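Since the structure comes first, as structure tokens, the remarks are kept for the end.
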Amino acid sequence: MSSDSGTPESWISSFCALLGHEYFAEVSEEFIEDDFNLTGLQPLVTKYKEALEMILDVEPEEDEEEEDEEEEEDEPESGNGEGQMGRSSGERRHHSRMTSDLSAIETSAELLYGLIHQRFICSRAGIQQMSEKYELGHFGCCPRTNCEMARTLPVGLSDITGVDTVKLFCPSCLDVYVPPNSRFQTVDGAFFGRTFGALFLLTFPEYDLTRRGADVLSSTTSRVPDEQPLVNGMYAKNIAPSLGPGHIYQPRIYGFRVSERARSGPRMQWLRDRPSNVNDLDEARLCVSDDDDDDDESMNTNGGRAPAGRRRRPPGHSRTRRRHNQNGSPMALSTNGAESEL
């Protein structure tokens with residue numbers, strides 16, 4: 001294959017340009033040539049060396065001994081007719097063998113590239129490339145109506161190949177969906193893995209998840225303003241913005257809500273629930289406020305004095321301590337914290 005400029009197109013570029021491979025990032029050759037990044041992949045791929053050479057567009061070395069053996073097999077033993085017949089049959093056999101080998105190497109190359117791709121998109125260069133694709137909306141939108149076309153991320157439900165196909169993770173409702181187009185049903189989910197989706201949100205917390213695809217393309221930036229409040233280290237507006245009141249379908253009959261106890265009532269609706277005030281999820285603030293309340297109660301109980309020190313529980317199993325106390329035998333602690341009778 002060749003590009004419009006006349007230069008031959010690389011195997012990686014042609015693979016990512018195939019129909020159904022729009023989610024893939026182009027892994028750099030420097031990443032593939034580093035043996036550390038390929039640790040543990042050789043036992044998982046048959047014809048590993050040949051597949052790696054195909055990915056890197058390296059010409060395979062021809063074996064001169066095999067060529068000599070093929071020439072000897074093609075030499076006529078008796079008569080010109082028999083020689084021509086032997087030569088043609090040898091050429092057909094060699095051609096069929098080359099075709100089958102090339103097909104097997106191509107399959108192994110696709111598998112090897114997918115496993116390398118799973119590691120590449122979790123690296124700094126790879127996740128930056130996926131960030132550019134996410135910002136341009138290459139991964140599509142969430143099919144859920146209440147998410148209002150929020151942008152999704154490709155993820156896998158397993159890191160092992162052959163388990164399941166690629167899925168779309170929506171950061172707005174925190175759920176996964178089957179891609180709407182059937183051409184993605186042949187892409188293995190292990191080529192993206194389970195790490196990429198969560199790592200992407202941790203790496204780029206400044207993305208405004210409330211902006212939809214059309215809003216992002218029409219605006220100059222899709223980042224959250226710095227003055228927005230934080231909850232547990234994340235922007236409050238980015239915590240599941242498409243969940244909670246107003247974003248959950250409520251079945252009704254003649255205007256009356258269907259009870260959860262009814263046969264046709266909503267099930268597991270609490271999974272899509274979200275507090276009206278997101279600050280209620282701030283665990284650090286709640287922990288500090290609880291400690292302050294405990295200190296105030298201790299001050300009132302002790303008559304305005306500082307809270308007394310808490311009695312430390314001795315190490316060891318509580319059931320063992322209770323048994324020793326019931327028997328009336330004293331307990332002693334050894335140097336490693338175990339209980340022993342005196």
Side-chain angles (χ1 to χ4, degrees), residues 1-3 5 7-18 20-67 97-134 138-139 153-167 169 184 186-204:
M1 298 181 68
S2 61
S3 58
S5 60
T7 57
E9 189 177 14
S10 64
W11 186 93
I12 297 176
S13 300
S14 61
F15 176 80
C16 295
L18 293 175
H21 291 181
E22 290 83 358
Y23 296 164
F24 282 94
E26 293 192 13
V27 183
S28 61
E29 294 185 358
E30 292 78 9
F31 185 87
I32 301 176
E33 290 172 352
D34 190 350
D35 294 337
F36 177 78
N37 298 325
L38 309 182
T39 303
L41 296 183
Q42 186 169 358
L44 303 177
V45 181
T46 58
K47 297 183 179 296
Y48 173 83
K49 181 181 177 182
E50 294 82 357
L52 188 60
E53 291 176 348
M54 177 175 287
I55 293 175
L56 296 175
D57 297 318
V58 177
E59 292 293 336
E61 298 179 358
E62 296 181 357
D63 195 350
E64 297 180 356
E65 296 181 358
E66 291 183 359
E67 290 183 355
R97 185 174 61 185
M98 287 292 293
T99 304
S100 61
D101 291 346
L102 186 62
S103 177
I105 295 174
E106 182 74 25
T107 304
S108 299
E110 293 179 0
L111 175 60
L112 179 60
Y113 182 81
L115 295 175
I116 297 174
H117 182 270
Q118 178 194 133
R119 301 181 177 186
F120 176 71
I121 60 178
C122 294
S123 65
R124 178 177 299 180
I127 205 168
Q128 183 63 40
Q129 190 178 149
M130 296 294 279
S131 170
E132 297 173 359
K133 295 171 71 70
Y134 174 77
H138 288 184
F139 305 131
L153 292 167
V155 296
L157 301 182
S158 175
D159 295 329
I160 303 174
T161 58
V163 175
D164 206 345
T165 58
V166 64
K167 299 293 185 291
F169 169 66
F184 297 109
T186 58
V187 180
D188 201 312
F191 296 166
F192 298 89
R194 298 177 295 178
T195 304
F196 168 68
L199 184 63
F200 183 89
L201 298 179
L202 292 175
T203 307
F204 304 102

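Along the sequence shown, residues are numbered consecutively beginning with 1. Only a predicted model underlies this, so the values are computations on that prediction, with no experimental measurement involved.
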**OP:** Starting from the C-alpha separation in whole Å, work towards a yes-or-no answer on side-chain contact (heavy atoms from CB on, under 4.5 Å) for Thr161 and Leu44.
**Re:** CA-CA 10 Å; Thr161 58; Leu44 303 177; over 6 Å; no

**OP:** Please lay out, stage by stage, how Tyr23 and Val187 fare under the test side-chain contact (heavy atoms from CB on, under 4.5 Å).
**Re:** CA-CA 9 Å; Tyr23 296 164; Val187 180; 5.9 Å; no

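Listed for the Asn37 side chain is no donor-acceptor partner under 3.5 Å among the backbone atoms of Ile32. Here the side chain of Gln118 pairs a donor or acceptor atom with the backbone of Ala190 at under 3.5 angstrom. Without hydrogens or angle criteria, Ser108 side chain to Thr46 main chain gives a donor-acceptor distance under 3.5 Å.
Interatomic distance, Ile105 CD1 to Lys49 NZ, rounded to the nearest 0.5 Å: 11.5 Å. To the nearest 0.5 Å, atom CG of residue Leu112 and atom CD of residue Gln42 are 10.0 Å apart. Residue Ile121 holds its CD1 atom at 10.5 Å from CD of Gln129, rounded to the nearest 0.5 Å. Between Phe196 atom CZ and Phe169 atom CZ the span is 10.5 Å, to the nearest 0.5 Å. With values rounded to the nearest 0.5 angstrom, Ile127 atom CD1 is found 4.0 Å from Leu199 atom CG. Note: Glu110 CD to Ile55 CD1 = 9.5 Å, rounded to the nearest 0.5 Å.
Between Asp101 and Glu50, the closest side-chain pair of non-hydrogen atoms is not below 4.5 Å. A 4.5 Å side-chain heavy-atom check between Leu153 and Tyr134 finds at least one atom pair inside the cut-off.
Ser131 is linked by a side chain to side chain donor-acceptor pair (under 3.5 Å) to Tyr207, counting only residues two or more places apart in sequence or in another chain. With sequence neighbours left out, the salt bridge (charged side-chain N to carboxylate O under 4.0 Å, His left out) criterion links Glu22 to Arg183. With sequence neighbours left out, Lys167 forms a salt bridge (charged side-chain N to carboxylate O under 4.0 Å, His left out) with Asp164. The salt bridge (charged side-chain N to carboxylate O under 4.0 Å, His left out) test applied to Asp159 returns Arg194, not counting sequence neighbours. In this structure, the side-chain contact (heavy atoms from CB on, under 4.5 Å) partners of Ile160, at least two apart in sequence or on a different chain, are Ser158, Val163.
Summarising the geometry of Cys16 relative to Ala25, their closest heavy-atom pair is SG-O, 3.7 Å, with the distance given to 0.1 Å. Closest heavy-atom contact between Thr165 and Phe184: CB-O, 4.5 Å. Taking all atoms of both residues into account, the shortest heavy-atom contact from Leu102 to Met54 is CD1-CE, 3.8 Å.
Residue pairs that meet the ring pair (Phe, Tyr, Trp, His ring centres under 6.0 Å) test with at least one member in residues 110-132, sequence neighbours left out, are Trp11-Tyr113, Phe15-Tyr113, Phe24-His117, Phe31-Phe120, His117-Phe192.
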